[in-house]
Amino acid sequence: MLITGVSSSPGYKTAVSLANRYEVVGTYNEHPISIPGVTTVKADLTRDSARLINDYKPDVVIHMAAIGNVDQCEEQLELCYRVNVVASRELLTAAYRVGSAIYYLSTDYVFDGERGMYTEDDAPRPVNYYGLTKLLAEEITRALGGSIVRVAWIYGAGPGRVNFGKTVVDKLMRNEVVTAITDQWSSPTLNTIIGEAFAKLLEMRFTGVLHVVGPRLSRYEFARAIARYFGFNEELIKPIKLSDVNYRARRPRDSSLSNKRAIELLGISLNDINHALAIFKRELETEGRWQSRNHEGKL
C-alpha cells in the first residue's frame, strides 16, 4: 500500500491506522517523518510519480499529498496546478497501469458554499483555485475508476500543518483570546477518524464517493465546543465575521457536507463532536501538549 503525503495530518493518521494490517509505504517531500511499521520515502511527486509506482507496484494507492494552503494556491497558480493536478495525473495514471486500487483524498472546497450539507451526488462548483485543482484531480480519479473520499476542516494531534483545533487549545490554555468566524460553516473532521475510516473502506473494498466528515459547525461554534469539552473559559472565544478576515482566496460560506452515507456505511459516530474531542484530548495528553487541570499540566 502506498500513501502519499504521510507527513500531513490525515496522511500520518491513515498510515498509523493501516500499519498493523498492511505493508505500508508512505511518501513525504519537505518534512521528513518516521512512523513505526511504515517505510517512509522522500519523493517529489512532480518528478518521481511514475518511478515511485513502478518501483513499488502497490496494490492500493491512497493519494493525499497536495498543496492545501488555500491562499497559497491563489497566489501561486502554476505551482498549485503542477502539484495538485499534474502530479496527481502522473501518479494515478501510473497506478492505474499497474492495477492499483485508487483512493483520492478531496475536500469540501469543491463546492460553492451557497447552501451547505452537500451530498456525494451534488454537482461541485468551486469558488477558489485550490477547490478547482482538487476538483480536476477528482475528475482524473473518476476517469481511472478510482474512489474519492472528501473531508473538511481537518484538525487533531500529530504532525502536519497547524490546524484550528490545536490552535484553539494552545491559546485557551494560555488564557489568550481566540477569534473565530461566526458566518462560515463546514464539517470539522478529526484526523484520527479519517484514518479509522480508511481502514474500514479498504476492508470492504469500497468504491465510489464518500463524505467522511464531522457535524456542521461554524468556526465559532467549533471553538466553543472545544472550550466546553476541555474546561476552558468560553468567554475567551470572540466572534468575528468572514468579511473581517483578509483572505487572499474567496471562501465558500457554507461548504458543510452530508455524512449520512458514511455513517450508514462505516458505523462511525461522525456527528458526535464530543466523541471526536475525547479522542483529540486523549491524543494531546499522550503527546504531552495538554493535561487536565487536576494535574496542572502546561504547554
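- A donor-acceptor pair is defined here as one N or O able to donate and one able to accept, closer than 3.5 Å; such a pair exists between the side chain of Ser147 and the backbone of Gly208.
- Lys42 places no side-chain N or O within donor-acceptor distance of the main-chain N or O of Tyr28, the cut-off being under 3.5 Å.
- Between Glu287 and Arg282, no side-chain nitrogen of the basic residue sits less than 4.0 Å from a carboxylate oxygen of the acidic one, so the salt-bridge criterion is not met.
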Run the salt bridge (Lys or Arg N to Asp or Glu O under 4.0 Å) check on Lys281 and Glu285 step by step: do they pass? CA-CA 6 Å; Lys281 177 172 170 284; Glu285 290 172 342; 3.2 Å; yes

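- Looking only at side-chain heavy atoms (C-beta outward), Thr119 and Arg261 stay at 4.5 Å or farther from each other.
- Side-chain N/O atoms of Asn271 and Asn259 include a donor and acceptor closer than 3.5 Å.
- Asp108 has no carboxylate O lying under 4.0 Å from a charged side-chain N of Arg216, or vice versa, which leaves the two without a salt bridge.
- Connection of Val6 to Val162 is not established within any shared hydrophobic cluster, with ILVMFWY side chains joined at heavy-atom distances below 4.5 Å, either directly or through further cluster members.
- Note on Val85: it does not cluster hydrophobically with Ile62, by side-chain heavy-atom contacts below 4.5 Å among ILVMFWY residues.
- Both Ile154 and Leu210 belong to a single network of hydrophobic side chains, linked directly or stepwise wherever heavy atoms of I, L, V, M, F, W or Y lie under 4.5 Å apart.
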For side chain to side chain contact (heavy atoms under 4.5 Å, CB included), just list the numbers for Val25 and Val38, CA-CA rounded to whole Å, side-chain angles, deciding distance to a tenth of an Å, and then say yes or no. CA-CA 6 Å; Val25 174; Val38 176; over 6 Å; no

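- No donor-acceptor pair under 3.5 Å is formed between the side chain of Lys57 and the backbone N or O of Ala95.
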Please step through side chain to side chain contact (heavy atoms under 4.5 Å, CB included) for the pair Tyr109 and Arg251, ending with a clear verdict. CA-CA 8 Å; Tyr109 275 23; Arg251 262 56 170 185; 3.5 Å; yes

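- Between Val169 and Leu172, the closest side-chain pair of non-hydrogen atoms is not below 4.5 Å.
- In this structure, CZ in Arg82 is found 8.0 Å from CD1 in Ile67, a value given to the nearest 0.5 Å.
- The distance from the CD1 atom of Ile226 to the NZ atom of Lys166 is 12.0 Å, given to the nearest 0.5 Å.
- Residues Met64 and Tyr104 form no side-chain contact, since every pair of their non-hydrogen atoms from C-beta on lies 4.5 Å or further apart.
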Given the rule in the salt bridge (Lys or Arg N to Asp or Glu O under 4.0 Å) test, do Asp112 and Arg125 qualify, once you have shown the distances and angles that lead to the verdict? CA-CA 5 Å; Asp112 61 12; Arg125 185 176 178 268; 3.3 Å; yes

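- The main-chain N or O of Leu45 is never found under 3.5 Å from a side-chain atom of Arg47 such that the two would form a donor-acceptor pair.
- Between the OH atom in Tyr56 and the CG atom in Leu2 there is a gap of 8.5 Å [rounded to 0.5 Å].
- Cluster membership for Val60 and Leu144, using ILVMFWY side-chain heavy atoms within less than 4.5 angstrom, is not shared.
- Under the 6.0 Å distance and 45° angle rule, Arg219 does not count as a cation-pi partner of Phe222.
- Side-chain polar atoms of Glu138 and Ser106 form a donor-acceptor pair below 3.5 angstrom.
- Of all heavy-atom pairs between Leu277 and Ala225, the closest is CD1-O, 3.6 Å.
- No side-chain donor from either of Gln184 and Ser218 sits under 3.5 Å from a side-chain acceptor of the other.
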So His63 and Ser88, side chain to side chain donor-acceptor pair (under 3.5 Å) or not? Walk me through it. CA-CA 8 Å; His63 182 32; Ser88 295; 2.9 Å; yes

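- A donor-acceptor distance shorter than 3.5 angstrom exists from the side chain of Glu120 to the backbone of His211, with no hydrogens or angles considered.
- Using bins of under 30°, 30° to 60° and over 60° for the plane-to-plane angle, the ring pair Phe280/Tyr155 lands in the perpendicular bin.
- No side-chain heavy atom of Trp153 sits under 4.5 Å from any side-chain heavy atom of Trp185.
- Between the side chain of Asp122 and the main chain of Tyr118, no donor-acceptor pair closer than 3.5 Å is present.
- Taken from CG in Leu79 to CG in Leu77, the straight-line distance is 10.0 Å, to the nearest 0.5 Å.
- How far CD of Gln72 is from CD of Glu74: 11.5 Å, rounded to the nearest 0.5 Å.
- Put simply, the side chain of Asn191 gets close to the backbone of Ala157: a donor and an acceptor are under 3.5 Å apart.
- The shortest side-chain heavy-atom distance between Ile237 and Arg228 does not fall under the 4.5 Å cut-off.
- When only modelled atom types and interatomic distance are considered, His275 and Ser269 share no side-chain donor-acceptor pair under 3.5 Å.
- In terms of modelled atom types and a separation under 3.5 Å, the side chain of Asp244 and the main chain of Ile240 share no donor-acceptor contact.
- Within the 4.5 Å cutoff, side-chain heavy atoms of Leu217 are placed close to those of Ile273.
- Taking each heavy atom of Val213 and Ser187 in turn, the nearest pair found is CB-CB, 3.6 Å.
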Test side chain to side chain contact (heavy atoms under 4.5 Å, CB included) applied to Arg142 and Val209, step by step: CA-CA 9 Å; Arg142 291 177 192 270; Val209 181; 3.9 Å; yes

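- In terms of hydrophobic clustering, with Ile, Leu, Val, Met, Phe, Trp and Tyr side chains grouped at heavy-atom distances under 4.5 Å, Ile102 and Val212 are assigned to different clusters.
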Full working for side chain to side chain contact (heavy atoms under 4.5 Å, CB included) between Met1 and Leu202: CA-CA 11 Å; Met1 179 168 304; Leu202 292 173; 3.5 Å; yes

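- Shortest non-hydrogen contact noted between Cys73 and Asn84 is SG-ND2, 4.1 Å.
- Under the 4.5 Å side-chain criterion, counting only non-hydrogen atoms from C-beta, Met204 is in contact with Leu266.
- In this structure, Glu78 places its CD atom where more than 12 heavy-atom neighbours from other residues, nucleotides or ligands lie under 6.0 Å away.
- The nearest pair of heavy atoms linking Thr182 to Pro239 is CG2-CB, 3.3 Å.
- When all heavy atoms of Gly156 and Leu190 are compared, the closest pair comes out as CA-CD1, 3.8 Å.
- Summarising the geometry of Ile33 relative to Pro159, their closest heavy-atom pair is CD1-CG, 3.6 Å, with the distance given to 0.1 Å.
- Here the side chain of Asp59 pairs no donor or acceptor atom with the backbone of Ser100 at under 3.5 angstrom.
- Between the side chain of Thr93 and the backbone N or O of Glu90 there is no donor-acceptor pair closer than 3.5 Å.
- Atom-to-atom distance recorded for Leu105:CG and Thr141:OG1 is 10.5 Å, nearest 0.5 angstrom.
- Contact annotation: the side chain of Thr133 never approaches that of Leu135 to less than 4.5 Å [non-hydrogen atoms, C-beta and beyond].
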